[in-house]
Amino acid sequence: MIDHLDGAVIPTGFDVPVEPLRRAAHYTGEQGCIAEARSFAALFLDQLRTEWCARIDERVDGAVLLVVSELITNADRHSNGPYILELVGTDAAVTVSVYDSSSALPRIFPRNPERIGRHGLEIVHALAEQVSVERVPVGKRVRAVLPLTDAPQG
């Protein structure tokens, strides 16, 4: 950004692009890692509020933690190795990505309220604005983007 004062151009120092807040954590699948991932995400959201002055609706705060829980649980159950949780945030959205060592792509099952379990991706799709899955050289990445405000889409 450049301010003009009496015809003089004064650089303000704010014209440098601001990078999103980015944090990652590595998990080995040991007991308690899902709770650790939720705590990591909660600290990330606090840091996003502080450093980006992000306004995060209470419902969205819970949604981010639930998406982290579901994606980490899926990685824990369906991969044979460590996995990585990556969080990227701005004042507008949080992207939750989980990398794991399995190349098998997850399946979304048809809605069935009588089915016990296997609702994880259904929940993630209901909470996120975007969900994508892609194979990466070491396995796959599941990515969910959640807007930070609970404003109606449209």
Side-chain angles (χ1 to χ4, degrees), residues 1-30 32-79 81-106 108 120-154:
M1 187 168 112
I2 297 175
D3 282 344
H4 300 276
L5 182 63
D6 295 327
V9 176
I10 303 169
T12 61
F14 294 110
D15 50 352
V16 178
V18 177
E19 292 293 319
L21 181 63
R22 184 181 308 269
R23 299 288 179 264
H26 177 268
Y27 300 96
T28 59
E30 293 179 21
C33 66
I34 297 165
E36 286 177 30
R38 285 177 57 88
S39 293
F40 179 77
L43 289 172
F44 176 83
L45 291 171
D46 287 343
Q47 190 174 9
L48 196 58
R49 284 182 184 95
T50 302
E51 293 182 18
W52 272 81
C53 300
R55 297 179 68 192
I56 304 171
D57 292 346
E58 187 177 320
R59 187 200 72 79
V60 174
D61 194 300
V64 170
L65 298 181
L66 184 52
V67 166
V68 166
S69 292
E70 292 298 335
L71 295 183
I72 290 292
T73 298
N74 285 350
D76 190 56
R77 287 187 181 159
H78 302 292
S79 70
Y83 37 90
I84 296 169
L85 168 63
E86 179 185 52
L87 301 170
V88 178
T90 65
D91 60 342
V94 169
T95 301
V96 178
S97 298
V98 175
Y99 297 81
D100 69 45
S101 60
S102 172
S103 62
L105 299 180
I108 298 177
L121 277 181
E122 185 181 334
I123 292 168
V124 172
H125 275 274
L127 295 172
E129 182 177 73
Q130 287 181 329
V131 178
S132 62
V133 179
E134 68 178 330
R135 287 192 173 99
V136 295
V138 296
K140 70 176 168 295
R141 173 181 78 164
V142 181
R143 181 177 162 265
V145 178
L146 294 95
L148 293 185
T149 57
D150 199 11
Q153 300 296 319

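The first residue in the sequence is number 1, and the count goes up from there.
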Quick one: list whatever passes side chain to side chain contact (heavy atoms under 4.5 Å, CB included) with [X], sequence neighbours left out.
{"X": "R49", "value": "L45, D46, I56, D61"}
{"X": "A128", "value": "V131, A144, L146"}
{"X": "Q47", "value": "L21, R23, E51"}
{"X": "L66", "value": "E70, I123, L127"}

side-chain contact (heavy atoms from CB on, under 4.5 Å) assessment of V88 paired with S97: CA-CA 8 Å; V88 178; S97 298; over 6 Å; no

Smallest separation among heavy atoms of S101 and S79, with atom names: OG-CB, 3.8 Å

Residue pairs fulfilling side-chain hydrogen bond (donor to acceptor under 3.5 Å, both in side chains) with at least one residue in residues 135-146, sequence neighbours excluded: D100-K140, E134-R141

Side chain to side chain, [X] and [Y], heavy atoms closer than 4.5 Å:
{"X": "H26", "Y": "P82", "value": "yes"}
{"X": "V145", "Y": "V96", "value": "no"}
{"X": "F40", "Y": "V68", "value": "no"}
{"X": "N74", "Y": "V142", "value": "no"}

side-chain hydrogen bond (donor to acceptor under 3.5 Å, both in side chains) partners of T28, counting only residues at least two apart: E30

